[in-house]
There are 2 protein chains.
Amino acid sequence: MSRREEAKEFNRARIRAAAEEIIRTEGMEKLTMRRLAEQADVSLRTPYNLFGSKTDVLISLMEEAEFELSPLGAGDENLTIIEQLLGSLDRIEAFFESDEEYFRGIYASIMASDHPEARETAVLRSVGLACVRLRQAAENGELVPDTDTDNLGKHLAIQLLAVLGMWGSGFFSNRESITQVRQSWCAALLQHCSETSRPLITAAYRAAIESKG
Amino acid sequence: MSRREEAKEFNRARIRAAAEEIIRTEGMEKLTMRRLAEQADVSLRTPYNLFGSKTDVLISLMEEAEFELSPLGAGDENLTIIEQLLGSLDRIEAFFESDEEYFRGIYASIMASDHPEARETAVLRSVGLACVRLRQAAENGELVPDTDTDNLGKHLAIQLLAVLGMWGSGFFSNRESITQVRQSWCAALLQHCSETSRPLITAAYRAAIESKG
DNA sequence: AGCATTTTTATAACATGTGTCAATTTTCTT
DNA sequence: AAGAAAATTGACACATGTTATAAAAATGCT
């Protein structure tokens with residue numbers, strides 16, 4: 001990395017750190033570009049040069065925290081794909097739980113911005129991940145053979161992102177959001193699962209419903 | 001209505017009409033409060049006096065168009081409750097379809113605004129409507145007796161609003177959004193329906209999936 | 001070292017939603 | 001008709017995201 005790129009990366013890091021500091025100590029409302037520039041000790045223009053927009057700064061904060069819905073992609077290999085998928089919701093919940101106010105503020109701000117690319121890339125990425133997982137599940141015999149895995153994957157991903165959108169707007173708690181997703185995922189999967197995986201999903205569905213009371 | 005109230009109502013109507021005119025002819029981006037005041041031939045302050053905020057003007061436009069998710073509440077009485085519920089999605093779709101660009105712009109703008117009350121009242125209203133309908137369905141024997149209708153109603157309403165939120169952000173077409181909702185509604189209902197209503201819902205689910213191709 | 005290129009800075013500006021405040025117009029009450 | 005109350009207006013102000021412009025600084029290249 002050239003010295004120029006190094007300096008830019010250093011400044012980017014400084015700006016991210018400043019943004020996080022402001023959000024944590026003063027709250028999201030206080031994160032203005034002028035305040036951010038001051039805290040990061042750069043000029044007002046620099047965040048625009050290095051990120052593009054305020055929304056891009058926030059997206060960068062999310063990425064730094066390694067939140068890319070990547071939990072959808074990984075899991076304990078001893079479990080079935082469907083178990084891993086349902087388990088990924090726990091990981092997403094834990095991620096948000098680890099720092100609820102912070103992430104909710106950022107997420108809400110990104111989603112409310114008029115930069116639709118942000119939402120669009122999130123949708124595409126998670127749809128892609130979900131489709132891959134479902135194809136694997138189908139190959140594993142966890143789904144009925146004629147399942148349209150692309151459709152189902154898309155459906156599941158959309159359920160997730162749609163509910164997360166509402167989570168961001170503050171209407172639901174972490175747990176309640178994830179429970180909603182779990183309920184809809186189970187219901188959808190139950191339409192396409194093979195008999196071997198049905199008991200597991202049924203149990204998860206029941207658990208989701210009961211955890212609401 | 002006193003003359004004072006009459007005048008206010010007249011001005012409100014004028015402002016709504018001006019807003020609609022601007023949105024239709026110049027697009028949502030051009031709808032600024034200054035432009036609106038000019039078009040309505042009132043002062044910049046008046047829309048604030050009469051509506052409260054820009055978001056409130058937009059909400060008023062939606063209400064004027066009689067979009068309050070009220071389709072959830074009504075339906076052909078010759079049909080079962082579940083048929084009516086599924087049919088209400090057609091009406092919502094038709095409503096948006098009737099003037100897609102116009103309503104999408106307004107909806108997106110309302111949802112993206114930092115007036116969370118807007119989203120909150122929408123959620124509460126539709127949750128309430130859905131719960132009422134499901135209670136009726138349960139009484140009708142369309143659902144299994146031990147169904148938690150409040151939970152299921154809330155779930156359905158959230159599915160609808162969450163997907164509509166994504167619709168507003170432009171990612172889906174009208175049809176695709178409603179199809180997503182239909183798919184998740186059917187899947188959820190199939191977990192709780194009685195045997196008499198099952199064939200109908202199964203058919204609706206199949207239709208939803210196939211209409212995606 | 002010296003010149004060219006890229007970045008950052010400083011300062012100002014712009015558009016927008018929203019608020020203030022006094023003056024003015026309209027409506028209500030009597 | 002006259003005074004009181006309410007609504008509208010106009011001019012201005014403020015905070016914010018964003019952009020423009022030119023000067024200054026840092027870096028790359030020879």
Side-chain angles (χ1 to χ4, degrees), chain A residues 1-19 22-23 26-61 105-106 108-118, chain B residues 1-19 22-23 26-61 105-106 108-118:
Chain A
M1 189 159 58
S2 77
R3 217 152 131 205
R4 217 159 232 163
E5 277 308 314
E6 246 173 50
K8 281 164 93 171
E9 203 38 69
F10 178 74
N11 270 350
R12 268 191 270 261
R14 224 161 31 137
I15 290 168
R16 271 194 297 264
I22 294 171
I23 295 171
E26 307 170 34
M28 202 52 155
E29 327 77 47
K30 290 296 174 57
L31 181 69
T32 70
M33 293 304 268
R34 285 165 181 83
R35 179 83 189 73
L36 175 60
E38 179 195 59
Q39 180 85 19
D41 204 33
V42 297
S43 84
L44 174 58
R45 270 302 328 220
T46 301
Y48 289 100
N49 289 337
L50 296 179
F51 292 92
S53 70
K54 184 179 181 181
T55 300
D56 288 317
V57 174
L58 295 173
I59 290 174
S60 180
L61 278 185
I106 296 177
S109 192
I110 292 174
M111 288 307 173
S113 83
D114 43 4
H115 293 236
E117 324 86 63
Chain B
M1 189 159 59
S2 76
R3 214 146 137 211
R4 214 160 239 163
E5 278 307 315
E6 246 173 51
K8 280 165 88 172
E9 203 40 67
F10 177 74
N11 270 350
R12 267 191 271 260
R14 219 157 39 132
I15 290 169
R16 270 194 298 263
I22 294 171
I23 296 171
E26 307 171 36
M28 203 52 160
E29 327 77 47
K30 291 296 175 56
L31 181 70
T32 71
M33 292 306 268
R34 287 166 180 81
R35 179 82 190 72
L36 176 60
E38 180 197 59
Q39 180 86 19
D41 205 33
V42 297
S43 84
L44 175 57
R45 273 300 325 191
T46 301
Y48 289 101
N49 289 336
L50 296 179
F51 292 92
S53 70
K54 184 179 181 181
T55 300
D56 289 318
V57 174
L58 295 173
I59 290 174
S60 179
L61 277 185
I106 295 177
S109 190
I110 292 174
M111 288 306 173
S113 82
D114 45 2
H115 293 237
E117 325 85 63

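This is a predicted model, so every value here is computed, not measured. Throughout, protein chains are lettered first and strands after them, A, B, ... in sequence-line order, and every chain is numbered starting at 1.
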(message) Taking only side-chain N and O atoms of A:His115, does any of them lie within less than 4.0 angstrom of OP1 or OP2 on D:dT18?
(response) yes

(request) In whole angstrom, give the distance that lies between atom CZ of B:Phe51 and atom C1' of D:dA7. (result) 15 Å

(request) Indicate whether any N or O donor in one side chain lies under 3.5 Å from an N or O acceptor in the other, for A:Asp56 and A:Ser53. (result) yes

(request) Mark yes or no for a side-chain to base donor-acceptor pair under 3.5 Å between B:Arg34 and C:dT18, with no hydrogen or angle criteria applied. (result) yes

(message) To the nearest 0.5 Å, what is the distance between NE2 on B:His115 and CD1 on B:Ile110?
(response) 11.0 Å

(request) Assign each of B:Leu44 and B:Ala7 to its nearest nucleotide of DNA chain D by heavy atoms, then name whichever residue's nucleotide is nearer the 5' end. (result) B:Ala7

(request) Look up atom CD in A:Glu38 and atom CZ in A:Arg34, then write down how far apart they are to the nearest 0.5 Å. (result) 12.0 Å

(message) So, OP1 or OP2 of C:dT7: does either fall under 4.0 Å of a side-chain N or O from A:Asn11?
(response) no

(request) May I ask you to evaluate whether B:Lys8 reaches the phosphate of D:dA7, defined as a side-chain N or O under 4.0 Å from OP1 or OP2? (result) yes

(message) With nearest nucleotide decided by heavy atoms, which residue, B:Lys30 or A:Leu50, maps closer to the 5′ end of DNA chain C?
(response) A:Leu50

(request) Let me know the distance between CE of A:Met33 and P of C:dA10, rounded to the nearest Å. (result) 16 Å

(message) Has A:Lys54 got a side-chain atom pairing as donor or acceptor with A:Leu31's backbone, closer than 3.5 angstrom?
(response) yes

(request) Could you tell me the separation between the CG atom of B:Asp56 and the C1' atom of C:dG17, rounded to a whole number of Å? (result) 13 Å

(request) Would you mind reading off the distance between B:Glu6 atom CD and C:dT26 atom C1', rounded to a whole angstrom? (result) 14 Å

(request) Compare side-chain N and O positions of A:Ser2 against OP1 and OP2 of D:dT27 and report whether any pair is under 4.0 Å apart. (result) no

(message) Nearest heavy atom decides the nucleotide; on that basis, is A:Glu29 or A:Glu5 closer to the 5' end of DNA chain D?
(response) A:Glu29

(message) What is the distance, to the nearest angstrom, from the CG atom on A:Asn49 to the C1' atom on D:dT19?
(response) 11 Å

(message) I need the CZ-P distance between A:Arg4 and D:dG28, as an integer number of Å.
(response) 6 Å

(message) Tell me the interatomic distance from B:Arg35, atom CZ, to C:dG17, atom P, rounded to whole angstroms.
(response) 13 Å

(message) For a quick check, tell me whether the side chain of B:Arg45 and the base of D:dG10 share a donor-acceptor pair closer than 3.5 Å.
(response) no

(message) Below the 4.0 Å mark, does C:dT9 have OP1 or OP2 next to a side-chain nitrogen or oxygen of A:Thr46?
(response) yes

(message) Nearest whole Å is fine: how far is C:dT26 P from B:Phe10 CZ?
(response) 14 Å

(request) Indicate yes or no for a side-chain donor-acceptor contact from B:Arg16 to the backbone of B:Ser60 under 3.5 Å, with no hydrogens or angles considered. (result) no

(request) Report which part of the nucleic acid A:Leu36 touches: base, sugar-phosphate, or nothing (heavy-atom distance under 4.0 Å, all strands). (result) nothing

